[in-house]
Amino acid sequence: MRGRPPQPSWSILSSSLRRPFPNPTKPPSPSRYSNGRRSDPPPPKRSFSSSPSLPPPEWIDPFIDVSDLNGHSSDLHQSPWVARIAALLDSSPTMESDLTAFCHSLLIRLSPAFVSHLLRFSDAPLRRDPAVAVRFFRWAGRQRRYVHKLESYTSLIEILLSSDTGVEKIRPLVLEIEEYTMTIASSNSLIRSLGKAGMVEELLEVWKWMKRDGLEPSLFSYNCLLDGLVSSGFIDSAERVFEVMKAPPPDIVAFNTMIKGYCKVGKTRKAIELTREMDSRVGGPDKISYMTVIQACYSDGDFDACLRLYHEMEERGLEIPVHAYSLVIGGLCKGGKPFEGLSVFENMIERGCKRNVAIYTALIDSFAKSGSEDRAMNLFLRLKNENDFELDEVAYGVVVNLLCKAGKLEAAVEQFEYCKEKGVSINMVIYCSLIDGFGKVGRVDMAERLFEEMVNGGIVPDSYCYNAIIDALTKYGRIDEALDMFRRMESEGCDQTVYTYTILIDGLFRKHMNEEALKLWRVMIDKGITPTAASFRVLSKGLCLSGKFETARKIADDLAPMGVVLETAYEDMIHVLCKAGRVRHACRLADGIIERGREIPGNVRKVMINALRKAGNSDLAIKLLHSKIGIGYDRMGSVKRRVKFQTLLNG
DNA sequence: CTAGGGTTAG
């Protein structure tokens with residue numbers, strides 16, 4: 001539950017949603033104006049003038065009525081003032097005084113509608129520059145006898161929310177709105193933009209004011225509220241709103257918003273249940289409902305569900321977006337089923353969907369990883385010769401990687417050089433595959449050269465790259481240089497991972513630098529890096545083979561309270577000991593497990609039986625096979641004890 | 001008279 005925001009105060013919603021707000025009297029206004037809460041501003045009084053000798057300044061409007069000229073009943077043209085004022089709106093420090101001087105010399109004042117218009121329309125420079133918009137808004141507000149329209153507030157807030165302005169700057173603006181009488185359009189606009197920005201507290205304020213002014217939220221209002229709650233992670237609140245929606249009842253958008261909400265918090269099952277409910281309530285899920293849940297299943301790694309949902313979409317005759325195909329095919333590819341992926345892909349083409357590079361890349365990668373390198377390469381070469389596609393760096397990345405993994409370094413370099421020629425950007429991933437590939441076949445010099453070429457090209461290597469080069473150096477005995485790289489990583493601010501440590505610990509043990517290896521393990525633990533089963537396997541192997549299996553056992557014991565999942569730690573150690581022919585030690589370790597009240601798993605017994613047989617001790621092997629050692633119980637006094645391996649060794 | 005979904009590599 002870490003990182004989850006606190007639930008907003010529900011009281012506001014529950015009181016206002018359950019019964020209609022009566023709104024008989026308006027609260028006393030804190031406004032400095034005498035006409036109660038602000039609604040539209042008072043009509044500007046033309047009689048006002050600061051100087052009796054001059055005509056009064058004129059309030060200018062954003063539109064001019066030209067209906068008299070052309071005979072149409074109502075024809076509005078934008079006033080030429082709009083462009084002239086807009087030209088003054090820039091980030092210059094004298095913007096305010098320029099505006100004042102301009103208006104003063106031409107005897108004009110900007111009407112509230114004029115200001116609202118400048119804030120609303122996208123051709124005004126204010127859309128791009130929120131800071132200028134705020135300055136203009138504040139300047140206009142200081143004009144004599146001027147009161148902002150509510151729409152100016154909503155437009156300004158929209159501008160601020162679409163930029164990266166901090167929430168703290170927007171909050172006070174929202175609070176100023178309290179004095180206005182809400183309109184359905186303004187409250188909807190606010191609910192939508194506040195919801196998008198995750199300003200749920202403010203959104204609920206607006207909701208309250210809306211109710212206060214006797215406005216019934218529309219379906220649109222409800223849906224924006226739901227979306228706001230959902231995108232801020234308040235799924236419980238959204239759920240309660242959804243449940244009280246009666247008039248209007250939830251529509252397909254409301255359902256889809258809830259589905260998104262459940263998906264967001266990881267409740268994919270609940271989301272799918274909701275799609276079932278849609279059949280009887282809104283005439284069934286649509287393509288967006290399906291897209292949302294397919295996306296969630298994909299993120300969960302539940303690729304079977306992706307495929308099932310896709311089939312459902314087909315049965316219902318829904319239009320299947322390309323992106324749905326991408327997810328389904330991508331899922332099949334990741335799940336190691338490239339042939340099934342290909343068949344869905346063919347369906348997609350039949351239906352006239354546009355092919356894309358991402359899907360091809362996924363297919364190529366999947367074929368390669370499930371052992372059909374030839375097929376993968378053929379597909380790639382076919383695409384390369386077609387002119388419909390520009391293969392990107394990801395596609396080349398996949399191919400370079402597959403060639404490297406197959407040990408075909410010359411072919412990999414060929415593609416790499418081709419990328420350079422054709423201007424396909426060479427990124428870190430491609431370098432990384434090559435470094436790893438050359439390292440794995442022992443051409444450490446090439447791996448090093450590529451690493452330096454990458455760095456000189458301005459790429460800052462990440463942990464994958466460092467791990468690849470460290471692995472190369474380590475595997476071919478250059479442990480000191482590997483350790484140099486390890487330190488370089490640290491000084492460059494690149495995080496060392498559990499893989500980095502695993503590689504080096506393994507390398508150190510290979511060089512019989514047992515103390516250093518153990519020390520490195522401790523450094524890793526101290527840094528708070530969670531060990532993996534593989535990392536412990538490397539450590540325990542090294543320790544066991546150097547006769548320190550007590551130390552290994554103790555470390556495994558220490559890890560358990562850390563909550564590290566090393567279910568197979570002891571089994572791994574027994575494996576290592578058996579493989580090294582130290583069956584006696586393996587037995588002692590197994591007894592240690594028994595002493596802690598655990599059973600020895602069947603596969604571990606099998607390993608021990610095989611080890612005994614290999615060591616030429618087939619008698620003991622058979623005895624173990626037919627005994628209850630490690631799994632059954634002995635009667636010792638009144639206490640149940642599992643039969644120990646000791647009994648085997650004692651004859 | 002608005003709103004709800006969005007991928008490929010080490």
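Hydrogens, waters and symmetry mates play no part in the numbers below; they use all other heavy atoms, side chains included. Numbers restart at 1 for each chain; the letters A, B, ... are given by sequence-line order, proteins then strands.
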Salt bridge between [X] and [Y], side-chain N to carboxylate O under 4.0 Å?
| X | Y | value |
| --- | --- | --- |
| A:Lys440 | A:Asp471 | yes |
| A:Arg308 | A:Asp304 | no |
| A:Asp484 | A:Arg488 | no |

In terms of side-chain heavy atoms of [X], which of [options] is nearest?
| X | options | answer |
| --- | --- | --- |
| A:Arg192 | B:dA3, B:dG10, B:dT8 | B:dA3 |
| A:Ile430 | B:dA9, B:dT7, B:dG10 | B:dA9 |
| A:Cys432 | B:dA3, B:dA9, B:dG10 | B:dG10 |
| A:Met428 | B:dG10, B:dA3, B:dT8 | B:dG10 |
| A:Asp392 | B:dA9, B:dT8, B:dT7 | B:dT8 |

Residues 265-277 of chain A, side-chain donor-acceptor partners within the protein, below 3.5 Å, at least two apart:
residue: A:Thr268; atom: OG1; partner: A:Asp300; partner atom: OD2; Å: 2.6
residue: A:Thr275; atom: OG1; partner: A:Ile272; partner atom: O; Å: 2.5
residue: A:Arg276; atom: NH1; partner: A:Glu312; partner atom: OE1; Å: 3.2
residue: A:Arg276; atom: NH2; partner: A:Glu312; partner atom: OE2; Å: 3.3
residue: A:Glu277; atom: OE2; partner: A:Arg281; partner atom: NH1; Å: 2.8

Tell me: [atom1] of [X] to [atom2] of [N], nearest whole Å?
| X | N | atom1 | atom2 | result |
| --- | --- | --- | --- | --- |
| A:Asp462 | B:dG10 | CG | P | 13 Å |
| A:Ile329 | B:dA9 | CD1 | P | 14 Å |
| A:Ile252 | B:dG5 | CD1 | C1' | 12 Å |
| A:Lys405 | B:dA9 | NZ | P | 13 Å |
| A:Glu158 | B:dA3 | CD | P | 11 Å |
| A:Tyr396 | B:dA9 | OH | P | 18 Å |
| A:Asp227 | B:dT2 | CG | P | 16 Å |
| A:Leu190 | B:dT2 | CG | C1' | 14 Å |

Under 4.0 angstrom, heavy atoms only, what part of the nucleic acid is [X] near: base, sugar-phosphate, or nothing?
| X | result |
| --- | --- |
| A:Asn467 | nothing |
| A:Ile259 | nothing |
| A:Val398 | sugar-phosphate |
| A:Asn188 | nothing |
| A:Asp365 | sugar-phosphate |
| A:Asn356 | nothing |
| A:Cys263 | nothing |
| A:Lys334 | sugar-phosphate |

Item checked: Under-3.5 Å donor-acceptor pair between A:Asn427 side chain and B:dG10 base -> no

Do we see a donor-acceptor contact under 3.5 Å between the side chains of [X] and [Y]?
| X | Y | result |
| --- | --- | --- |
| A:Tyr418 | A:Glu414 | no |
| A:Asp365 | A:Asn401 | no |
| A:Ser289 | A:Asp286 | yes |

Margin query: Could you check whether any side-chain N or O of A:Lys408 sits under 3.5 Å from a backbone N or O of A:Lys405, counting only pairs where one atom can act as donor and the other as acceptor?
Written below: no

Note to self: Would you say A:Lys196 places a side-chain N or O within less than 4.0 Å of OP1 or OP2 belonging to B:dT2?
What the structure shows: no

Note to self: Quick check on contacts: within residues 278-301 of chain A, what sits under 4.0 Å from DNA chain B by heavy-atom distance?
What the structure shows: A:Asp286, A:Ile288, A:Met291, A:Thr292, A:Gln295, A:Tyr298

